[in-house]
Chemist: 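Quick one: this structure, given as structure tokens, is what I'll be asking you about.
The figures that follow rest on heavy atoms only: side chains count, while hydrogens, waters and symmetry mates do not. In what follows, every chain begins at residue 1, and chains take the letters A, B, ... in the order their sequences are listed. In this text the structure is predicted, and so the values were computed from the model without any measurement.
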Amino acid sequence: MIPVCGRFTITVTIGLPERFGVKTREVQIEPRYNIAPSQPVPVIIRPESGERIFVEMVWGLVPHWAKDPSAVRRSINARAEGLGERPSFRDPLQRSRCLVPANGFYEWKKAGKVSEPYYIHRKDDRLCAFAGLYDTWKTPDGNRLRTFVIITTEPNRLVSCYHDRMPAILREEDEKLWLSPGPLPDSTVRELLAPYPAELLEAYRVSRRVNDPASEGEDLIRRVQDSTLPV
DNA sequence: CCAGACGTTGTT
DNA sequence: GTCTGG
DNA sequence: CCAGACGTTGTT
DNA sequence: GTCTGG
């Protein structure tokens, strides 16, 4: 009873800071093949200081006004449509946009009783940025819990074979605008969050080992035979 | 005014 | 915090 | 998203 | 069936 983009990967970590214009290299980022909600992810923000930085945030938004993080239903996705009107997202959309680095994501197809996972990624294997929003919750002891959501949009022709939503992948030339401080016009937001071109992506069946959030490793993105399609 | 929600997708 | 429903 | 739990008090 | 944890 949760969302669409529910698992993703960061497989290419060499050159990641350079790819996103982050100057600080102190954060050691390990490849991840099965990032699930509730886990920490290095996302990219641009504070007022102007320099892009990595900040570790937990996937699943806890709004700043929540009284108790465990009492609030954490959203892991936010629909692009009507984003500006949702109480949880209205504020972050104006002031707290982030880039979520990713190489690909998983979608599941029900085949009878079992869910069969597919991996969707760029044909050229370059890193993408999902459009994200974040918020900061102040803990009773004065610390900060930083959390984020991945925005979803209509699927392109490729992803629509698997699902009726897909993550909003920013075109590389739009990443700068998404990280710019302050509100963006509604029309700009709509344009930036439009479905990513299908011809740049590829999808294939992977092992059901990825179903278990505890699974890790490069085996998870290995292509396996798709039993639902002819050979 | 106060109380209560504040979210998404998929499946039926 | 802010909006909606009662 | 999927997997796994789904319960309590008192005693060690 | 439905919620929580990863």
Chemist: For the pair made of CH2 in A:W59 and C1' in D:dC2, what is the distance, rounded to whole Å?
Modeler: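 Answer to the nearest Å: 12 Å.
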
Chemist: Could you please name the option among D:dA3, D:dC1, B:dT8 that lies closest to any side-chain atom of A:R79?
Modeler: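 The closest nucleotide is B:dT8.
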
Chemist: State, yes or no, whether a side-chain contact exists between A:F8 and A:F130 at a heavy-atom distance under 4.5 Å.
Modeler: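 They are in side-chain contact.
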
Chemist: Please pick, from B:dT9, B:dG7, C:dG1, the nucleotide with the shortest atom-to-atom distance to any side-chain atom of A:R73.
Modeler: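 Of the candidates, B:dG7 comes closest.
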
Chemist: Between B:dC6, D:dA3, B:dT9, which one does the side chain of A:D164 approach most closely?
Modeler: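 Closest nucleotide among those given: B:dT9.
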
Chemist: Salt bridge check: are A:R222 and A:D219 linked by an N-O gap of less than 4.0 Å?
Modeler: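 Yes, this pair counts.
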
Chemist: Mark yes or no for a side-chain to base donor-acceptor pair under 3.5 Å between A:S75 and B:dG7, with no hydrogen or angle criteria applied.
Modeler: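 Check fails, no donor-acceptor contact within cut-off.
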
Chemist: Could you summarise the pairing of DNA chain B as dot-bracket text, marking Watson-Crick and G-U pairs under 3.5 Å with ( ) or [ ] inside the strand and | across strands?
Modeler: ||||||......

Chemist: Under 4.0 Å between a side-chain nitrogen and a carboxylate oxygen: does that hold for A:R97 and A:E175?
Modeler: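 Judged by the 4.0 Å cut-off on N to carboxylate O distance, A:R97 and A:E175 do not form a salt bridge.
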
Chemist: In whole Å, I'd like the distance from the CD atom of A:E216 to the C1' atom of D:dC2.
Modeler: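 In whole Å, D:dC2 C1' lies 15 Å from A:E216 CD.
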
Chemist: Counting only heavy atoms and a strict 4.0 angstrom limit, can you tell me which residues of residues 81-95 of chain A come near DNA chain B?
Modeler: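 Output list: A:R86, A:P87, A:S88, A:F89.
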
Chemist: Can you identify which nucleotide, out of B:dT8, E:dG6, B:dT9, has its nearest atom closest to the A:A78 side chain?
Modeler: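 Among B:dT8, E:dG6, B:dT9, the one nearest the side chain of A:A78 is B:dT8.
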
Chemist: Answer yes or no: does a side-chain N or O of A:T152 lie under 4.0 Å from OP1 or OP2 of B:dT9?
Modeler: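 Yes, within the criterion.
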
Chemist: Between A:D186 and A:R190, is there a side-chain N and carboxylate O pair less than 4.0 Å apart?
Modeler: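 Not counted as a salt bridge, because no side-chain N and carboxylate O are separated by less than 4.0 Å.
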
Chemist: Using the six-membered ring of A:Y204, assess whether NZ or CZ of A:R223 lies under 6.0 Å from its centre and within 45 degrees of the ring axis.
Modeler: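 Yes.
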
Chemist: Expressed as a whole number of Å, how far does the C1' atom of D:dG7 sit from that of E:dT4?
Modeler: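 Nearest-Å result for D:dG7 against E:dT4 at atom C1': 15 Å.
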
Chemist: May I ask you to verify if any side-chain N or O of A:S38 is less than 4.0 angstrom from the OP1 or OP2 atom of E:dG5?
Modeler: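 Indeed not, no polar side-chain atom of A:S38 lies that close.
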
Chemist: Round to the nearest Å and state the distance from A:N77 atom CG to D:dC1 atom C1'.
Modeler: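 The distance from CG of A:N77 to C1' of D:dC1 comes to 9 Å, rounded to the nearest Å.
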
Chemist: Ion pair present between A:E116 and A:R205, side-chain N to carboxylate O less than 4.0 angstrom?
Modeler: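 Salt bridge present between A:E116 and A:R205.
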
Chemist: Under 4.5 Å between side-chain heavy atoms, counting indirect links through other Ile/Leu/Val/Met/Phe/Trp/Tyr residues: same cluster for A:L133 and A:W137 or not?
Modeler: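 No, because A:L133 and A:W137 fall into different hydrophobic clusters, even though each may have its own neighbours under 4.5 Å.
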
Chemist: Can you measure A:I76 atom CD1 to D:dC2 atom P for me and round it to whole angstrom units?
Modeler: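 Rounded to whole Å, this separation is 10 Å.
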
Chemist: Can A:E216 and A:R32 be counted as an ion pair, charged N to O under 4.0 angstrom?
Modeler: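 Judged by the 4.0 Å cut-off on N to carboxylate O distance, A:E216 and A:R32 do form a salt bridge.
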
Chemist: What is the distance, rounded to the nearest whole Å, between atom CZ of A:F130 and atom P of D:dC1?
Modeler: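 Distance check: A:F130 CZ to D:dC1 P gives 15 Å.
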
Chemist: How many Å lie between OH on A:Y33 and P on D:dC2, as a whole number?
Modeler: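 Atom OH in A:Y33 sits about 22 Å away from atom P in D:dC2.
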
Chemist: Where the side chain of A:W65 is concerned, which of D:dC2, B:dT9, B:dC6 is the nearest nucleotide?
Modeler: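 Ranking D:dC2, B:dT9, B:dC6 by closest atom to the A:W65 side chain puts B:dC6 first.
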
Chemist: Let me know the distance between NZ of A:K110 and P of D:dA3, rounded to the nearest Å.
Modeler: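 From A:K110 NZ to D:dA3 P: 8 Å.
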
Chemist: Looking only at side-chain atoms of A:R7, point me to the closest of B:dT9, E:dG6, D:dA3.
Modeler: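 That would be E:dG6.
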
Chemist: Please work out if A:A36 contacts a base, only the sugar-phosphate, or nothing of the nucleic acid, heavy-atom cut-off 4.0 Å.
Modeler: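 Since a base atom lies under 4.0 Å of A:A36, the category is base.
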
Chemist: Identify whether any heavy atom of A:A66 sits under 4.0 Å from a base atom; if not, whether one sits that close to sugar-phosphate; answer base, sugar-phosphate or nothing.
Modeler: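 No contact.
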
Chemist: May I ask you to decide whether A:R126 forms a salt bridge with A:E172, counting only side-chain N to carboxylate O separations under 4.0 Å?
Modeler: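 Yes, charged N to carboxylate O under 4.0 Å.
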
